[in-house]
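Report on the following structure.
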Amino acid sequence: MYVMILAAPGSGKGTQGKVLAASLGIPQVSTGDLLRAAVKAGTPLGTQAKGYIDQGLLVPDELVVELIREILDSASGRNGVLMDGFPRTVAQAEAVDRILAGKQARVDHVALLEVDEQELVQRLLARAAKEGRSDDNLESIQQRLRVFHQQTEPLIAYYERQGVVRRVQGSGDIDA
Ligand code: ADP
């Protein structure tokens with residue numbers, strides 16, 4: 001089963017993705033976490049990605065598509081994956097469709113987490129104080145929200161055409 005969580009920064013992709021992946025028995029793959037790990041480890045990918053992440057911009061499609069391709073080709077991704085934070089552009093969505101088609105598979109479900117924009121900013125600023133992520137400052141947060149509206153929101157229509165979108169209320173209690 002291939003499931004994606006599509007949502008703005010701060011909406012709880014990581015939190016809800018963890019719960020959903022565990023209940024489905026498939027691995028959770030967060031491109032954001034993988035990229036941050038690459039930055040920390042100082043790999044060539046990390047070195048290329050760092051500037052984009054810190055500015056709140058998307059890392060180039062080729063780099064993240066390669067990351068996902070490796071996971072989908074690995075033993076752990078063979079029975080399904082929950083992707084959190086990927087795809088984020090139509091080009092990424094088209095690339096993953098092609099990779100899955102090569103495995104006689106497809107995107108089964110896309111969960112669209114909906115959270116009010118005001119609450120997103122509040123949550124991200126609260127997380128900045130707690131976790132100290134280099135991109136959780138007001139300037140980068142606003143840039144990430146702009147990028148979401150411009151580059152990622154068009155994916156909603158893309159997946160609605162495939163009939164796989166479910167809208168989920170992302171505010172309120174985590175368990176609910
Ligand atoms: P958030 O949704 O709060 O921004 P993420 O961990 O999902 O957190 O992403 C953090 C950053 O990592 C993004 O701003 C971007 O620079 C990079 N990134 C993560 N996933 C992708 C992706 N699929 N394509 C391009 N860049 C990505």
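Remember, it's 1-based here, ligands and their atoms both numbered in the order they're listed. Scope of the values below: all heavy atoms of this structure, side chains included, with no hydrogens, waters or symmetry mates. In this chain, numbering begins with 1 at the start of the sequence shown.
Atom CD in Q143 sits 12.0 Å away from atom CG in L138 (nearest 0.5 Å). Rounded to the nearest 0.5 Å, atoms OH (Y2) and NE2 (H109) are 13.0 Å apart.
Contact between R133 and ligand 1 is present, with at least one heavy atom of the residue lying under 4.0 Å from the ligand. In this structure, Q55 has no heavy atom closer than 4.0 Å to ligand 1. Heavy atoms of M83 come nearer than 4.0 angstrom to ligand 1 in no pair at all.
Among all protein heavy atoms, the one lying closest to atom 4 (O) of ligand 1 is R144 NE, 2.9 Å. Q92 NE2, 2.9 Å is the protein heavy atom nearest to atom 24 (N) of ligand 1. Among all protein heavy atoms, the one lying closest to atom 20 (N) of ligand 1 is T31 OG1, 2.8 Å. Regarding atom 2 (O) of ligand 1, its nearest protein heavy-atom neighbour is K13 NZ, 2.5 Å. Ranking the protein heavy atoms by distance from atom 13 (C) of ligand 1 puts R88 NH2, 4.0 Å first.
Residue-to-ligand polar distances keep D84 apart from ligand 1: every N/O pair is separated by 3.5 Å or more. Polar contact check, L124 against ligand 1: no nitrogen or oxygen pair lies under 3.5 Å apart.
At a threshold of 4.0 Å, the pair R167-E160 counts as salt-bridged, since one of the basic side-chain nitrogens sits closer than that to a carboxylate oxygen. A salt bridge is absent between R69 and D73: the closest approach of a Lys/Arg side-chain nitrogen to an acidic carboxylate oxygen does not fall below 4.0 angstrom.
When all heavy atoms of A8 and L145 are compared, the pair lying nearest together is CB-CD2, 4.3 Å.
Checking D33 against Q28 by side-chain atom types alone, no donor-acceptor pair falls below 3.5 Å. Between the side chains of Y158 and D97, at least one donor-acceptor pair of N or O atoms lies under 3.5 Å.
Near R127, the atoms of ligand 1 lying under 4.0 angstrom from a non-hydrogen atom of the residue are 3 (O). Within the listing of ligand 1, atoms 20 (N), 21 (C), 22 (C), 23 (N) sit less than 4.0 angstrom from a heavy atom of G85.
The side chain of V64, and not its backbone, has at least one atom closer than 4.0 Å to an atom of ligand 1 (non-hydrogen atoms only; side chain from C-beta on). Residue contacts with ligand 1 for Q151 are absent, since no atom lies close enough (heavy atoms, distance under 4.0 Å). At a heavy-atom distance under 4.0 Å, only side-chain atoms of L35, from C-beta outward, approach ligand 1.
Although no hydrogens or angles enter the test, the distance criterion places a donor-acceptor pair under 3.5 Å between the side chain of R123 and the main chain of G10.
R106 meets the salt bridge (Lys or Arg N to Asp or Glu O under 4.0 Å) test with no other residue; sequence neighbours excluded.
Through direct or relayed side-chain contacts under 4.5 Å between Ile, Leu, Val, Met, Phe, Trp and Tyr, V3 connects to M1, I5, L20, L24, I26, L82, L113, V168.
Here atom 25 (C) of ligand 1 lies nearest to V59 when heavy atoms of D33, L57, V59, V96 are compared.
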